[in-house]
Number of protein chains: 2
Amino acid sequence: MKYSASKEDYLKAIFHLQTEQSMVTTNALAVAMQARPASITDMLKKLKSEKLLIYERYKGFRLNNEGKKIAVQVIRKHRLWEYFLVHKLKFGWDEVHEVAEELEHITSKKLIDQLDAFLNFPVTDPHGDPIPDRSGKFNSPKQLNLLDFPMNTPAKVSSVASQTSDILELLDHKSIHIGTRLEIRKKFLFDNSIELKVKNQAPITVSEQVAQKIFVHNDE
Amino acid sequence: MKYSASKEDYLKAIFHLQTEQSMVTTNALAVAMQARPASITDMLKKLKSEKLLIYERYKGFRLNNEGKKIAVQVIRKHRLWEYFLVHKLKFGWDEVHEVAEELEHITSKKLIDQLDAFLNFPVTDPHGDPIPDRSGKFNSPKQLNLLDFPMNTPAKVSSVASQTSDILELLDHKSIHIGTRLEIRKKFLFDNSIELKVKNQAPITVSEQVAQKIFVHNDE
DNA sequence: ATTTATTTTTAGGCTAATCTAAAAAATAAA
DNA sequence: TTTATTTTTTAGATTAGCCTAAAAATAAAT
């Protein structure tokens with residue numbers, strides 16, 4: 001249950017890649033890890049023999065549950081440390097990444113749980129990315145129209161579930177992009193349209209069809 | 001100006017050993033590092049070629065100024081993290097060492113200086129050992145009878161220079177232990193006895209013989 | 001459906017930090 | 001002062017994580 005910093009970095013990188021492509025390729029990981037493809041293959045064999053991922057040569061790979069669990073814990077540590085650096089040590093949000101890359105490999109479970117409590121269980125890091133809780137559950141993105149957290153809670157756009165130029169044009173026109181912070185102001189039962197407030201803008205309304213395509217997460 | 005965790009550990013261990021014996025031996029370091037003597041010799045050659053210590057084969061070794069400087073910075077980091085763990089994350093003083101062994105190798109200078117400020121520039125770690133400041137200066141323990149800092153400055157017992165049961169009984173009776181905070185109230189020139197104030201206690205007086213055995217450091 | 005290009009893997013090396021076993025130097029003892 | 005003991009160093013391996021260069025498998029193009 002103890003992995004080298006390097007292995008943890010691989011698991012984390014694979015985790016991020018496999019949310020985009022369900023099968024990850026050697027080359028993609030080589031780019032992400034800034035390493036040569038041959039090195040990736042070496043490490044894949046080790047991670048496979050430790051039963052952290054499924055992998056068949058020439059066919060790509062993906063984490064299994066065990067691998068995901070570890071990756072998520074590393075991500076949790078990374079984001080909690082970033083939060084600590086910004087909110088307690090007065091770092092700028094743009095200068096915390098490198099330091100967190102080191103801190104995320106400290107192994108004490110107690111350390112990270114106490115840190116979490118000390119920080120009051122934050123749900124988003126300084127870049128707005130969700131911080132998984134100690135059981136590994138993310139403050140997971142939800143469709144804007146199905147949002148269950150209360151009105152006026154700050155939310156942040158994490159993805160758009162359609163890449164058709166029609167919806168992108170619409171969102172672009174309303175200045176809604178990945179990362180945009182917004183709040184729900186009102187839901188109209190008549191047509192399930194939603195009134196939103198984006199910072200420094202007049203309130204805008206989106207239809208149910210649009211809201212279905214926008215994924216947001218809690219961002220308090 | 002960047003050294004591996006392993007090298008930092010060697011420098012730190014040598015630093016501690018050379019306060020006791022001015023020339024450190026391969027075997028002594030092997031014991032301290034829990035490694036075989038052959039491994040020590042290997043590393044000594046590397047550290048020598050990096051100009052961190054003086055070393056002649058078969059003759060022992062000691063850190064030069066550059067080596068000491070690095071060792072002290074590692075010790076500073078270790079002790080600041082211990083302080084953080086105890087005072088902010090509610091660790092017990094007896095469970096912080098291992099975690100600090102990892103944290104001390106994080107390389108960001110800014111991190112450690114911001115942490116220092118966040119903690120309000122503490123001068124002693126949870127074990128009562130002095131924390132060097134950012135320039136590397138120690139708040140070093142002094143014999144209670146030779147104390148040069150002003151009256152009523154809070155001081156903290158860092159060690160007792162004798163383990164005979166006679167003196168331990170006396171100190172125990174007066175509730176003076178390692179870690180006890182006290183202030184000097186008065187020095188009597190007649191017999192060099194000293195009047196002390198320990199928190200929540202009536203003032204007490206100790207003889208010169210006792211004061212000589214008590215080492216304290218500044219603890220404001 | 002071959003040929004060509006790309007991707008991935010294998011084969012063999014390198015470095016840091018460790019180890020064991022054996023040789024050499026220093027120290028202690030007879 | 002020679003011999004024995006202890007300490008230290010050398011010599012040669014090992015492991016993790018990376019590399020380059022070449023071979024093998026897959027994918028793309030004609």
Side-chain angles (χ1 to χ4, degrees), chain A residues 1-14 17-18 20-63 67 70-71 74 101-102 104-107, chain B residues 1-14 17-18 20-63 67 70-71 74 101-102 104-107:
Chain A
M1 263 272 185
K2 177 90 175 293
Y3 302 95
S4 69
S6 179
K7 278 179 188 167
E8 288 189 346
D9 286 337
Y10 273 87
L11 294 172
K12 193 172 51 134
I14 297 168
L17 288 173
Q18 74 183 16
E20 291 154 30
Q21 322 142 240
S22 72
M23 267 296 158
V24 185
T25 67
T26 301
N27 263 2
L29 186 52
V31 171
M33 292 295 299
Q34 309 215 75
R36 316 317 300 267
S39 311
I40 305 301
T41 303
D42 282 357
M43 186 58 95
L44 286 175
K45 285 193 239 169
K46 292 177 200 164
L47 295 175
K48 183 186 180 182
S49 82
E50 292 181 58
K51 305 201 195 318
L52 299 175
L53 46 72
I54 51 160
Y55 162 58
E56 270 195 283
R57 63 197 214 301
Y58 293 105
K59 294 202 159 185
F61 46 91
R62 63 194 337 281
L63 300 181
I70 294 154
V74 176
E101 281 295 303
E102 289 188 58
E104 73 188 5
H105 300 297
I106 306 291
T107 49
Chain B
M1 263 273 182
K2 177 89 173 295
Y3 302 94
S4 69
S6 180
K7 278 178 187 168
E8 288 189 345
D9 285 337
Y10 272 87
L11 294 173
K12 193 172 51 135
I14 297 168
L17 287 172
Q18 76 181 14
E20 290 155 31
Q21 322 142 240
S22 72
M23 268 294 158
V24 184
T25 66
T26 300
N27 263 1
L29 186 52
V31 170
M33 292 294 300
Q34 309 215 76
R36 316 318 299 268
S39 312
I40 305 300
T41 302
D42 283 355
M43 187 58 95
L44 287 175
K45 285 193 239 172
K46 292 177 200 164
L47 295 175
K48 183 187 180 182
S49 82
E50 293 181 60
K51 304 201 197 318
L52 298 175
L53 47 72
I54 52 161
Y55 162 58
E56 270 195 283
R57 65 198 213 299
Y58 293 108
K59 294 201 158 186
F61 47 91
R62 65 196 332 283
L63 299 181
I70 294 154
V74 177
E101 281 295 304
E102 289 188 58
E104 73 188 6
H105 300 298
I106 306 291
T107 50

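Chain identifiers are assigned alphabetically (A, B, ...) following the order of the sequence lines, protein sequences preceding nucleic acid strands; residue numbering begins at 1 within each chain. Every heavy atom of this structure was used, including side-chain atoms; hydrogens, water molecules and symmetry mates were not.
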> Among dC18(D), dT18(C), dT10(D), which is the nearest nucleotide to the side chain of R57(B)?
Replying inline: dT10(D)
So which protein nitrogen or oxygen atoms get under 3.5 Å of nucleotides 20-23 of chain C's nitrogens or oxygens?
{"residue": "dT20(C)", "atom": "OP1", "partner": "R36(B)", "partner atom": "NH1", "Å": "3.4"}
{"residue": "dT20(C)", "atom": "OP2", "partner": "R36(B)", "partner atom": "NH1", "Å": "2.7"}

>> Under 4.0 Å, heavy atoms only, any strand: does T41(A) hit a base, just the sugar-phosphate, or nothing?
In response: base
> For A5(A) and H105(A), which heavy atoms make the closest approach, and how far apart are they?
Replying inline: O-CE1, 3.3 Å
> From Y10(B) OH over to S4(B) OG, what is the distance, rounded to the nearest 0.5 angstrom?
Replying inline: 9.5 Å
> CZ of F61(B) to OG1 of T25(B): how many Å apart, nearest 0.5 Å?
Replying inline: 6.5 Å
>> Let's test this: given Watson-Crick or G-U wobble pairing with both distances under 3.5 Å, identify the partner of dA11(D).
In response: dT20(C)
> Atom CD1 of I40(B) and atom C1' of dC19(C): how far apart are they, to the nearest Å?
Replying inline: 12 Å
> Are the side chain of E8(A) and the backbone of V74(A) linked by a donor-acceptor contact shorter than 3.5 Å?
Replying inline: no
> Measuring from L17(B):CG to M33(B):CE, what's the distance to the nearest 0.5 Å?
Replying inline: 10.0 Å
> Between dT26(D) atom P and M23(A) atom CE, what is the distance in whole Å?
Replying inline: 15 Å
> Mapping K45(B) and K59(A) to their closest nucleotides on DNA chain D, which lands nearer the 5' end?
Replying inline: K45(B)
> How many Å lie between CD on E56(B) and C1' on dT8(D), as a whole number?
Replying inline: 14 Å
> Is the phosphate of dT7(C), meaning OP1 or OP2, less than 4.0 Å from a side-chain N or O of T25(A)?
Replying inline: no
> Just by distance, do the side chain of Q18(B) and the backbone of M23(B) share a donor-acceptor pair under 3.5 Å?
Replying inline: no
> Are K48(A) and E56(A) close enough, and set up right, to give a salt bridge (charged side-chain N to carboxylate O under 4.0 Å, His left out), and what steps lead you there?
Replying inline: CA-CA 9 Å; K48(A) 183 186 180 182; E56(A) 270 195 283; over 6 Å; no
> In whole angstrom, what separates D42(B)'s CG from dT15(D)'s P?
Replying inline: 17 Å
> Do any side-chain nitrogens or oxygens of N27(B) fall under 4.0 Å of OP1 or OP2 in dT8(D)?
Replying inline: yes
> Quick one: does R57(A)'s side chain get under 4.5 Å of L44(A)'s, heavy atoms only?
Replying inline: no
> Of the candidate nucleotides dT9(D), dA17(C), dG17(D), which contains the atom at the shortest distance from the side chain of P37(B)?
Replying inline: dT9(D)
> Should dC19(D) form a Watson-Crick or G-U wobble pair with both distances under 3.5 Å, which nucleotide is its partner?
Replying inline: dG12(C)
>> Between S6(B) and dA16(C), is there a contact of a side-chain N or O with OP1 or OP2 at under 4.0 Å?
In response: no
> In whole angstrom, what separates M43(B)'s CE from dT9(D)'s P?
Replying inline: 15 Å
>> Any base atoms under 4.0 Å from Y10(B), or only sugar-phosphate, or nothing? Heavy atoms, all strands.
In response: sugar-phosphate
> From dG17(D), dT9(C), dT8(C), pick the nucleotide closest to the side chain of K46(A)?
Replying inline: dG17(D)
> Just how far, in rounded Å, is P of dC19(D) from CD of Q34(A)?
Replying inline: 10 Å
>> Under 4.0 Å, counting only non-hydrogen atoms across every strand here, what does Y55(B) touch: a base, just sugar-phosphate, or nothing?
In response: sugar-phosphate
> In whole angstroms, how far is the P atom of dA17(C) from the CE atom of M33(B)?
Replying inline: 11 Å
> What's the CG-P distance between L11(B) and dA17(C), to the nearest Å?
Replying inline: 11 Å
